[in-house]
Amino acid sequence: MHPHSQFPWLLQLESCPSTNTVAMDELEDLQHGTCLWTQAQSAGRGQAGRSWYSDAGVLTASFVIELEQDLLGPAMSMCAGLAVAHCVEDLSNCPLVHIKWPNDCFVQGRKLAGILCEGRPCGDRFRMVIGIGLNVNPSWTNGQAPADSHFHGRPPISIAELGGKPPEMLQVIDSLRSYLLQSVGLIQAQRWQVILPDLRKRDCLLGQSLALEQDGRTVHGLGAGIDEDGSLLIRLPDGGCTRCASSFNLRVMDMIHG
Ligand code: BTN
């Protein structure tokens, strides 16, 4: 693990099983704003205990963020989703990156990035590891993406497909870090809900058909927005509303996109 000559906060690894695992293992020694990056991740981890395979050209990096205290539920994932959205909009011709609550970024109904947040108390503070897998310019761009990376039959998408000159990895990492630190600063100074308006305009589950496992049964409804407590609201057929606190219990039935 060696610091990058241009960016002292960037620790580059020739290869590693998972940048999130390394960051979690070394967390006490990693400062706020540090980024671990490798171009060869051999055992990447995804959400819900899934494995995460990434081709060359997919950014695999983990950012260390120190907070005064743990954030409620999925707030940090959504903060990271916004950082990805703003970074990609700056570096491509994409007008709006959508967020699939709480931790995926989509464009045109195709997955662009996934986020895995983990953390634990460190002394009297709380440190988080924000793992981001972002399709920058993978070999499958405009070609055959791995079948298990499809979502509702749609292949993933990359920044390179969004128009403009494909950015350099370092440019993407630097921009992601800036946006991440900026929104973390904002939510620490105010309440995390300060990011809700930006999130809500990117919510790609709004109006989508969803199934939720609740108390041992499955309820169906339509995405009805992100609530003040960070949970996803679901409008039920009888007009009532229920909330979903974790994506583990949630299934998207189909994804209709404009
Ligand atoms: C998902 O979509 O399931 C989340 C994927 C998160 C992948 C990133 S790649 C960098 C970091 N290291 C990991 O092992 N996982 C995250």
Side-chain angles (χ1 to χ4, degrees), residues 1 9-27 30 33-65 73-85 87-88 97-107 109-120 127-138 140 145-152 154-159 169-170 172-177 179-180 202 204-205 246-252 255:
M1 194 148 66
W9 46 262
L10 179 59
L11 302 178
Q12 204 170 344
L13 297 105
E14 289 311 317
S15 66
C16 74
S18 149
T19 53
N20 260 45
T21 304
V22 176
M24 285 299 285
D25 287 348
E26 310 283 330
L27 201 51
L30 297 172
T34 302
C35 173
L36 267 59
W37 171 46
T38 186
Q39 309 229 50
Q41 184 172 257
S42 56
R45 294 188 289 114
Q47 296 144 19
R50 288 187 288 266
S51 51
W52 169 272
Y53 171 76
S54 47
D55 286 298
V58 176
L59 172 72
T60 51
S62 300
F63 297 84
V64 176
I65 294 294
M76 185 48 89
S77 287
M78 295 192 284
C79 218
L82 286 182
V84 172
C87 156
V88 171
V97 173
H98 289 109
I99 293 181
K100 178 175 154 286
W101 180 92
N103 39 22
D104 290 312
C105 293
F106 274 72
V107 173
R110 295 164 63 188
K111 184 160 166 169
L112 174 71
I115 293 156
L116 178 67
C117 290
E118 306 176 281
R120 64 164 176 267
R127 267 185 215 167
M128 298 212 70
V129 173
I130 320 295
I132 299 179
L134 168 59
N135 303 327
V136 176
N137 192 9
W140 47 256
D148 64 0
S149 63
H150 290 209
F151 183 81
H152 285 283
R154 307 199 69 171
I157 198 164
S158 67
I159 301 181
M169 283 289 182
L170 280 177
V172 178
I173 294 170
D174 191 29
S175 164
L176 280 177
R177 178 179 181 268
Y179 278 117
L180 204 49
R202 300 169 182 282
C204 62
L205 293 184
S246 156
S247 57
F248 290 5
N249 308 330
L250 188 73
R251 247 176 323 125
V252 182
M255 192 89 138

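Note that the numbering runs from 1 along the sequence shown for the chain. First listed ligand is number 1; within each ligand, the first listed atom is number 1.
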Applying side-chain contact (heavy atoms from CB on, under 4.5 Å), run through Gln47 and Asp104 and close with a yes or a no. CA-CA 10 Å; Gln47 296 144 19; Asp104 290 312; 3.3 Å; yes

Counting from 1 in the order shown, the ligand 1 atoms closer than 4.0 Å to a non-hydrogen atom of Ile115 are 4 (C)

Arg202 side chain to Cys105 main-chain N or O, any donor-acceptor pair under 3.5 Å? no

Under 4.0 Å, heavy-atom basis, I'd like to know which part of Thr21 is in contact with ligand 1: side chain, backbone, both or neither. neither

Residue from Ile132, Val136, Leu59 passing side-chain contact (heavy atoms from CB on, under 4.5 Å) with Ile173: Leu59

Which bit of Ile132 is near ligand 1, meaning a heavy atom under 4.0 Å away: side chain, backbone, both or neither? backbone

Hey, is ligand 1 close enough to Trp52 that some N/O pair sits below 3.5 Å? no

If you count the atoms of ligand 1 from 1 in the order shown, which ones are under 4.0 Å from a heavy atom of Thr19? 10 (C), 11 (C), 12 (N)

side-chain contact (heavy atoms from CB on, under 4.5 Å) partners of Pro146, counting only residues at least two apart: Asp55, Trp140, Asp148, Ser149

Near Ser62 (heavy-atom distance under 4.0 Å), the atoms of ligand 1 are 11 (C)

Enumerate the atoms of ligand 1 whose separation from the nearest heavy atom of Gly44 is less than 4.0 angstrom. 14 (O)

What protein heavy atom sits nearest atom 12 (N) of ligand 1, and how far away is it? Gln41 OE1, 3.0 Å

Cys35 backbone acceptor or donor facing Arg177 side chain under 3.5 Å: no

shortest atom 15 (N) of ligand 1-to-protein heavy-atom contact is with Arg45 O, 2.7 Å

Element-labelled atoms of ligand 1 that are located less than 4.0 Å from some non-hydrogen atom of Ala61: 10 (C)

So, the side chain of Asn135 versus the backbone of Leu112: is there a donor-acceptor pair under 3.5 Å, distance only? yes

His152 side chain to Gly109 backbone, donor-acceptor under 3.5 Å: no

Show the atoms of ligand 1 that are less than 4.0 angstrom away from any heavy atom in Asp104. 2 (O)

For the backbone of Ser54 and the side chain of Gln41, can you confirm whether one donor and one acceptor N or O come within less than 3.5 Å of each other? no

Is it the side chain, the backbone, both or neither of Arg50 that has a heavy atom closer than 4.0 Å to ligand 1? neither

Please say which of Thr38, Thr60, Leu36 ends up in a side-chain contact (heavy atoms from CB on, under 4.5 Å) with Cys16. Thr38

Taking atom 1 (C) of ligand 1 as the reference point, the nearest protein heavy atom with its distance: Gln47 NE2, 3.2 Å

Any N or O of Lys111 that comes nearer than 3.5 Å to an N or O of ligand 1? yes

